[in-house]
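Shown next, in structure tokens, is the structure this report addresses.
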Protein chains: 2
Amino acid sequence: MDLSTQIREKGLKATPSRLNVIQVLGSNHLAYAHAELEALFSDMDRVTLYRVLNDFEEAGLVHKIIDVDGVTRFALCKHSCPGAHHADEHVHFNCRGCHKMFCLENVPAPNVKIPLGFKVSGVQTLIYGYCKSCSAA
Amino acid sequence: MDLSTQIREKGLKATPSRLNVIQVLGSNHLAYAHAELEALFSDMDRVTLYRVLNDFEEAGLVHKIIDVDGVTRFALCKHSCPGAHHADEHVHFNCRGCHKMFCLENVPAPNVKIPLGFKVSGVQTLIYGYCKSCSAA
DNA sequence: AATGTAAATGCAATAAAGTTGCGTTTGCGC
DNA sequence: GCGCAAACGCAACTTTATTGCATTTACATT
């Protein structure tokens, strides 16, 4: 299925801005910050970019993660999520060298024993360290 | 050991601002946001508060965590950490009702199997859901 | 293919969060 | 009590994100 159709299936219009963004997000398993995408699409208004990302998140096309520096990042959901209720329970790896954020789709979130009284909705596991390129350098 | 001494042992001066902040952080196992502390100490300058928190973090008195909403929070280190290199590898619980962030000192960070090529420095495990009070309501 | 309309965009203004510089004040070692 | 480095308060500024509104555009319908 092509990107336009994927967007339309979520009830959103397949605009150029949206196609550009989703194409970049789909090109790898990285989570992108607003600033990075803004630099990539210098002709797109920053507000539009904020709205594209928020709309995608609410539609369940992308998931939002905060990296170790507190920067908000967005990555394509591998399996389309039911609306805003994401099933993105995979582990993320944040490189302290290049600051890239990798979605480790194949690494499931580990089980954690929680004290009584807490009702758990989900777990975010964020690993930080150095990626292959950065630990080589 | 009293709070003033604890602060002085880290090479910092025991000022009223610092004593106020550390007293609140020590009163429970919650991680506080800048805005919350600012509201608590309305006479303290916001910049001073930023600096108190940063100095404490660099001194290893408190650790910094980003909550699920991307808000930066600070909590007292139970065991004094060696400088800025924190050993706060415990699990945090973020309530989606009251937005409180609990340090679960007794819940160790789980082991995660990481693909080859990544060099791991640490793991942040952030659980979200509802705390006792909020799930009752 | 033309058209109507709700959705999306661009721009300006504003808000929230964090940082920097600098002159004044203060903790604390002497 | 004195001196001085450290800490503080204030102002200005930067970055990140949000809101309102007028204009434009995707696309369902004819």
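Chain A is the first sequence line, chain B the second, and so forth, proteins listed ahead of strands; every chain is numbered from 1. Predicted model only: the values in this text are computed from it and were never measured.
Nearer to the 5' terminus of DNA chain D, by closest-nucleotide assignment, is the contact made by A/Val47 (compared with the other of A/Val47 and A/Ala14). When each of B/Ser4 and B/Gly70 is assigned the nucleotide of DNA chain C with its nearest heavy atom, B/Gly70 is the one assigned upstream, toward the 5' end.
Side-chain nitrogen and oxygen atoms of B/Arg51 include none within less than 4.0 Å of the OP1 or OP2 phosphate oxygen of D/dC8. The shortest distance between the side-chain N/O atoms of A/Thr72 and the OP1/OP2 oxygens of D/dA17 is below 4.0 Å. The shortest distance between the side-chain N/O atoms of B/Arg8 and the OP1/OP2 oxygens of C/dC28 is below 4.0 Å. One finds a side-chain N or O of A/Thr15 lying less than 4.0 angstrom from the OP1 or OP2 phosphate oxygen of C/dT9. Taking only side-chain nitrogens and oxygens, B/Arg46 never comes nearer than 4.0 Å to OP1 or OP2 of C/dG18. Taking only side-chain nitrogens and oxygens, B/Ser17 comes nearer than 4.0 Å to OP1 or OP2 of D/dC8.
As a whole-Å value, the separation of A/Tyr50 OH from C/dT14 P is 18 Å. Rounded to whole Å, the distance from NZ on B/Lys64 to P on C/dA17 is 15 Å. With rounding to whole Å, B/Lys13 atom NZ is found 13 Å from D/dC4 atom P. In this entry the distance linking CG of B/Asn54 with C1' of D/dA6 reads 16 Å, nearest Å. Across the protein-nucleic acid pair, A/Leu49 atom CG and C/dT9 atom C1' stand 12 Å apart, rounded to whole Å. Straight-line distance from the CG atom of B/Asp69 to the P atom of D/dT18: 11 Å, rounded to whole Å. As rounded to whole Å, 16 Å separates atom P of C/dT20 from atom CG of B/Asp45. Protein atom CD of B/Glu9 is 16 Å distant from nucleotide atom C1' of C/dC28, rounded to whole Å.
Proximity of the aromatic rings of B/His29 and B/His90 is defined here by a centroid distance below 6.0 angstrom, and this criterion is not met.
Within the nucleic acid shown, A/Ala35 has no heavy atom closer than 4.0 Å to any nucleic acid atom. Residue-level contact check: B/Val71 touches neither bases nor backbone, having no heavy atom under 4.0 Å from any strand.
Note: B/Phe118 and A/Phe102 have perpendicular aromatic rings, judged against thresholds of 30 and 60 degrees for the angle between ring planes.
Panel note: side chain B/His92, backbone B/Asp67; no donor-acceptor pair is recorded below 3.5 Å. In this structure a side-chain-to-backbone donor-acceptor pair under 3.5 Å is present from A/Asn94 to A/Lys100.
Here CZ of B/Arg18 is found 14.0 Å from CD of B/Gln6. Values are rounded to the nearest 0.5 Å.
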